[in-house]
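The structure appears below as structure tokens.
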Amino acid sequence: MIKLDAGWTFDNRYARLPERFFSRVLPTPVRAPELAVLNRPLAAELGLNEEALRSDAEVAVLAGNRIPDGAEPLAQAYAGHQFGYFTMLGDGRAVLIGEHVTPSGKRVDIQLKGSGRTPYSRGGDGRAALGPMLREYIVSEAMHALRIPTTRSLAVVTTGETIRRETELPGAILTRVASSHLRVGTFQYAAQWGTKEELRALADYALGRHFPGFEEAENRYLFLLEQVIARQAALIAQWQLVGFVHGVMNTDNMTISGETIDYGPCAFMDTYDLKTVFSSIDTEGRYAYGNQPYIGGWNLARLAESLLPLLDEDEEKAVALAQEALDQYPTLYHRHWLDGMRAKLGLAEAQAGDGELIADLLRLMEEYRADYTNTFRALTLGEYIGMALFDASEFREWHERWQTRLSQEAVSREEAYERMRRHNPAVIPRNHRVEEALAAAVNCGDYSVMERFLEALADPYAYSPEQAEYAELPPPSDRPYRTFCGT
Ligand code: AMP
Ligand code: MG
């Protein structure tokens, strides 16, 4: 382990896995790297020196122009089901520079995304545009602040190069920090092309990295499957509770760690609608908001299939074990979701009628096209303005039922509202505000809009005066967003 000024402490265990799992590859140097954003709190958490990270020598590291001591750059191999179709993938535009060990002993992957071509690039250029990398930065950090497990964003550097998409766009590289980049697709890859020993090596690596206590498990690979199922059930319930739509829940975009990964065509929904999709290519709504819990189960079944050879020598027994584990998923998911919904309504205790109370509210929200986040925000603040829902007599009836239910709780009304404030964000990264921040940064080099937005998102449960403006809904679509500079 070697210490540099910035505090990088690399120890790359993934690189000790069988060669099949990666290709050693260096990032492709870029012309003129410049730091666009640096995540100071995250740098501190990782034991990295902020001043050093801003230096030319360290910006060169974040751009892939210089390899720090101890790093062993590689692209990971993986496969995955994309919109239901199985295919070989791998890091086509990302390089894992290493596993960094933080002062508290936590191990995180440091990955440069947009760092150039790799053996897995297929037809792609290996590059990323500034807008989408800033978008990942904003949304992943907002998710973290919402206390939802996610990969993090340490920095974005611009490359001084343009990349060709529909138009020429400024290029950028995101430094992504993850508990690991192991995916369901990594196991699919191992099961499809690896030997049983290679699959076992991958599973052992995943256990060691994410699931302490596995030594005590009677069947450690069943334990692995059960743990991933439990974490994904909890994660997807949290997405549903804040109205997050991932957009591309392909199996290569589902982690083993239980962190949200790969912020592409993702967004938070405004109007409550189970059919909400943001990805233009998801024409059938496979990854629509209301379908995410189901797709989570589908993806976990692919993980279970991949692990079958390790679950039991006897194939029939293996299938039975896998099925039993998978059967837990809907129950686990629903429990997290129901508990979360109760908390959003200030309820700490469980009563038989709660499910119906919640379902009735959601039904009204759908009928009156209510804004998801602002409905719960209004319930939390007791301020019922600005939505058709609140004028409906059915809503007033529902509200009375809810108040009656609240009065049956052991805790005081104040405590119930406190609970609501901890579970109903005052602010989420609404798409029109994300776009506004990106436009200012990308078109005008003005990062102040984004910085101010990030500040508001940093503590979404604060209910501070500065957050109020971010609760405002997007202008009607016939009014264009302000995308010009200055003024
Ligand atoms: P994603 O949709 O970001 O999950 O990516 C799916 C696959 O496409 C992964 O294997 C990526 O590495 C690859 N990929 C995405 N964009 C590019 C690009 N510009 N160049 C090369 N590979 C890419
Ligand atoms: Mg991906």
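Just so you know, ligand 1 is whichever comes first in the structure, and atom 1 is the first atom listed for that ligand.
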Lys/Arg N to Asp/Glu carboxylate O, [X] vs [Y], below 4.0 Å:
X      : Y      : result
Arg433 : Glu436 : yes
Glu161 : Arg31  : no
Arg135 : Glu435 : yes
Asp56  : Arg66  : no

Take Tyr189 and Trp193 through the ring pair (Phe, Tyr, Trp, His ring centres under 6.0 Å) test and state the conclusion after the steps. CA-CA 6 Å; Tyr189 170 81; Trp193 289 291; 5.7 Å; yes
Tell me whether Asn253 has at least one N, O or S atom under 2.8 Å from the Mg ion (ligand 2).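 So Asn253 does bind the Mg ion (ligand 2) by this criterion.
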Does Asp262 bring an N, O or S atom to within less than 2.8 Å of the Mg ion (ligand 2)?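 True for Asp262.
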Ile163 versus Gly171, closest heavy-atom pair with distance: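 Of all heavy-atom pairs spanning Ile163 and Gly171, the closest is CG2-CA, 4.3 Å.
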Applying side chain to side chain contact (heavy atoms under 4.5 Å, CB included) to Leu169 and Arg127, what does each step give before you reach the verdict? CA-CA 11 Å; Leu169 298 170; Arg127 291 300 184 189; over 6 Å; no
Under a 4.0 Å heavy-atom cut-off, what residues line ligand 1?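 Close residues (ligand 1, cut-off 4.0 Å): Tyr78, Gln82, Leu89, Gly90, Asp91, Gly92, Arg93, Ser121, Arg122, Gly124, Asp125, Gly126, Arg127, Arg165, Asp252, Asn253, Asp262.
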